[in-house]
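Some notes on the structure that comes next.
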Amino acid sequence: MNVTTPASGRPDRRAATLVMACLGVFVAYLPVTTVAVSLPAIQSALNASTAQLSWVQDAFVLPMAAFILTAGVFGDVHGRKKVFQAGLLFAAVGAAVALCAQSVQVLWIGQAFAGLGAAALLPTTLALISHAVPDHRERGKFIGLWATALMGALAVGPLIAGVILDHTSWRWIYLASVPVPLIALVVAARLLPDSRAPWGSPRSSEAESGGGRKLDWPGQVTATLAITALVYGVIEGGAGSFTDVKVMVALFTAVAGGVAFVLAERRSDSPMLDLTLFRSPAFTATTLVAMITFLALIGFFFLLSLYFGLVQQLDTLQAAWRLFTVCAAAIVVGAPVGRLMHRVAPRVLITGGLLVISGALFSLTGVDAGTSFASIAWRLALLGLGIGTVVTPMTATAVASVPYQQAGMAAAGNNAFRQVGGALGPAVLGALLSTKALDTLPGHLTDAGVTGATQRTIVDTADANGLGAVAHLNLGADTGRALGALGDSFLDGMRLCLVVAGSLTLLAALVCVLLLRPRQASGSTTTAAAGADTAGQTPTVGARSGS
């Protein structure tokens, strides 16, 4: 199939591309919060430990992070429409497997398939938009709508789960995720225009469409090894000890895999992730910001769902409305921020949003078991406003900070690092939570008057099976006091995690200030778009941020 030039996108094709891209990212992100608010119900139904519960989330995020780059290359070489459709199919298969799961291990498999689907959808949706909308000002509005669809998925997911769990089993939260992607797949076959990378790899002399690009198997294998080993090591280290042999081997493997990935990419004629992209300070800044921010935020959402269920003992729908506050606020500002991007420097928007996020996280350290919805709502809304201010300019700047022919790779790279942070979030903050809560639990039990054999039973159960397992113990007259002490211990751990998450977002803001300089943030967009505006011609390879 001949590849059309970016300038040839017609209004009807662009509208179809936008609708399908928004639907694709909606399908990709719907399982994130749908599953997050269902974790207490899943833990109770499947008797899962805290570490196993972390893997429910990470079984989705890990393959998404590990295979995003490969999906981007597949789309560049074989056509983004095909990869987009494959992503929808994987999402439907994953939801079907999870829907039938009778054990936590089968649930992991379903989540993994859904994660592979998300890995295919995320880079292709952005690459399709970049192809259809070469003008950087218009593209900012389109990416703003794309980000709004992303936040919309995060917003409605908890509400869907809440309504379902009020009436039936947790597994039915996956029901909608089977027909929706299948219908989208059929519609995409008729309406979605295809595209490929319009020029060869910068390291190749071939200029024909897709020429010089091929699958980078050494890079894929080493990247997958490094990411998987890192997340596994952090989860198992937090659940047990970082001095365990298997944990130390995993972390060493992660380091070795990371080094091997860098060496493989430096030597490859067609790298999965061209390391010269990091010569652009704007790309480097947005990539680091994405990873750090999503580590903090996804980890926080994991903890927040446990706080609502374990400490405040809310049902899923009540918890869903509280999470909806975050996403609704992000949606409100998402599209306007996309339109503001050509008037306000991305550095100002991203840094300001990160500072708002950090302030919201630090303010949440003041919540306790009795905090009302009204008292917590303004903190969650503030968090959402910060998120909505960051996501659109962060994504658009990463794509626009490199030459046009590398826009797909830049989108895939930014998403990959974002999802690595997202995979580490529940692992890192979950480990901190468990360690701190278990350290303080005996003291809180003693203060509550629960001592002797009962205290030892509670501590041993929490240590072996997670904090949530204590809620299922039959403690007789000590049940109320024990649950109160458990809630206090959880709050100790959550406050520590909030301080860490808030500090991480402050670090991300500092990275943004240091690397995302005003000229680079705005000039990169102009040069990248200018290189793309000449139909049928290769833009200047040196048109990077600050060039």
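Basis for what follows: all heavy atoms, side chains included, without hydrogens, waters or symmetry-related copies.
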(request) Could you tell me whether Tyr29 atom OH has more than 12 heavy atoms of other residues or ligands within 6.0 Å of it? (result) yes
(request) Give the minimum heavy-atom separation between Pro63 and Ala119, together with the two atoms involved. (result) O-CB, 3.9 Å
(request) For atom CH2 of Trp217, decide whether the heavy atoms of other residues, nucleotides or ligands shown that lie under 6.0 angstrom number more than 12. (result) no
(request) Look up atom CG in Leu277 and atom CZ in Phe283, then write down how far apart they are to the nearest 0.5 Å. (result) 5.0 Å
(message) Show the nearest heavy-atom pair for residues Val367 and Thr371, with the distance to one decimal.
(response) CA-OG1, 3.3 Å
(request) With side-chain contact (heavy atoms from CB on, under 4.5 Å) as the test, would you mind laying out the steps for Phe300 and Leu364 before giving the verdict? (result) CA-CA 11 Å; Phe300 166 72; Leu364 284 162; 3.4 Å; yes
(message) Is any side-chain heavy atom of Leu273 closer than 4.5 Å to one of Phe417?
(response) yes
(message) Just verifying a value: how many Å separate Leu383 CG and Arg379 CZ, rounded to the nearest 0.5 Å?
(response) 12.0 Å
(message) Taking the side chain as everything from C-beta on, heavy atoms only, tell me whether Leu314 gets closer than 4.5 Å to Arg322.
(response) yes
(request) Please confirm whether the backbone N or O of Leu275 pairs with a side-chain atom of Glu265, one donor and one acceptor, at under 3.5 Å? (result) no
(message) In the structure I gave you, are the side-chain heavy atoms of Leu354 and Leu506 within less than 4.5 Å of one another anywhere?
(response) no
(request) Quick one: do Asp492 and Ser489 satisfy side-chain hydrogen bond (donor to acceptor under 3.5 Å, both in side chains)? Show the steps, please. (result) CA-CA 5 Å; Asp492 289 339; Ser489 300; 5.2 Å; no
(request) For atom CZ of Phe308, decide whether the heavy atoms of other residues, nucleotides or ligands shown that lie under 6.0 angstrom number more than 12. (result) yes
(message) Do Val35 and Val56 make a side-chain contact, defined as non-hydrogen atoms from C-beta onward lying under 4.5 Å apart?
(response) yes
(message) Please identify which of these residues, Leu429, Thr365, Leu304, meets the side chain to side chain contact (heavy atoms under 4.5 Å, CB included) condition with Leu498.
(response) Thr365
(request) Hey, can you tell me if Phe113 and Phe90 have their rings parallel, tilted or perpendicular (30° and 60° cut-offs)? (result) parallel
(message) Let me confirm one number: the CD-CZ distance from Gln102 to Arg171, rounded to the nearest 0.5 Å.
(response) 4.5 Å
(message) Which heavy atom of Phe324 sits nearest to which heavy atom of Leu159, and what is that distance?
(response) CD1-CD1, 3.7 Å
(request) With the side chain counted from C-beta on, respond yes when Ile376 and Tyr307 share a heavy-atom pair under 4.5 Å apart, and no when they do not. (result) yes
(message) Using only atom types and a distance under 3.5 Å, with no angle test, would you say the side chain of Ser358 pairs donor to acceptor with the backbone of Leu355?
(response) no
(message) If we ignore hydrogens and angles and just use 3.5 Å, is the side chain of Thr168 paired with the main-chain N or O of Ile164 as donor and acceptor?
(response) no
(message) I want to check something: taking the side chain as every heavy atom from C-beta on, are Leu433 and Leu303 in contact at a cut-off of under 4.5 Å?
(response) yes
(message) Could you check whether any side-chain N or O of Thr125 sits under 3.5 Å from a backbone N or O of Leu122, counting only pairs where one atom can act as donor and the other as acceptor?
(response) yes
(message) Is the shortest side-chain heavy-atom distance between Val104 and Trp55 below 4.5 Å?
(response) no
(request) Any chance you could measure Leu385, atom CG, to Ile331, atom CD1, to the nearest 0.5 Å? (result) 12.0 Å
(request) Begin from the C-alpha positions of Val25 and Leu121 and carry the test side-chain contact (heavy atoms from CB on, under 4.5 Å) through to its verdict. (result) CA-CA 6 Å; Val25 76; Leu121 290 169; over 6 Å; no
(request) Would you mind listing every side chain to side chain donor-acceptor pair (under 3.5 Å) that reaches into residues 283-293, with sequence neighbours excluded? (result) none
(message) Between Asp244 (side chain only) and Lys246 (backbone N and O only), is there a donor and an acceptor less than 3.5 Å apart?
(response) no
(request) Could you tell me whether Phe252 atom CZ has more than 12 heavy atoms of other residues or ligands within 6.0 Å of it? (result) no
(message) Given 3.5 Å as the limit, does a donor-acceptor pair link the side chain of Thr440 with the main chain of Lys436, or not?
(response) yes
(request) Using modelled atom types only, decide if a donor and an acceptor are shared between the side chain of Thr124 and the backbone of Ala120 within a distance under 3.5 Å. (result) yes
(request) Answer yes or no: is there a donor N or O on one side and an acceptor on the other, between the side chain of Ser372 and the main chain of Ser375, under 3.5 Å? (result) yes
(request) Identify the two heavy atoms, one from Val178 and one from Ala96, that lie closest to each other, and give their separation to 0.1 Å. (result) CG2-N, 3.8 Å
(request) Check whether any side-chain heavy atom of Met394 sits under 4.5 Å from a side-chain heavy atom of Arg418, and report yes or no. (result) yes
(message) Before you tell me yes or no, could you show the steps for Thr243 and Val247 under side-chain contact (heavy atoms from CB on, under 4.5 Å), namely the whole-Å CA-CA distance, both residues' side-chain angles and the distance that decides it to 0.1 Å?
(response) CA-CA 7 Å; Thr243 59; Val247 174; over 6 Å; no
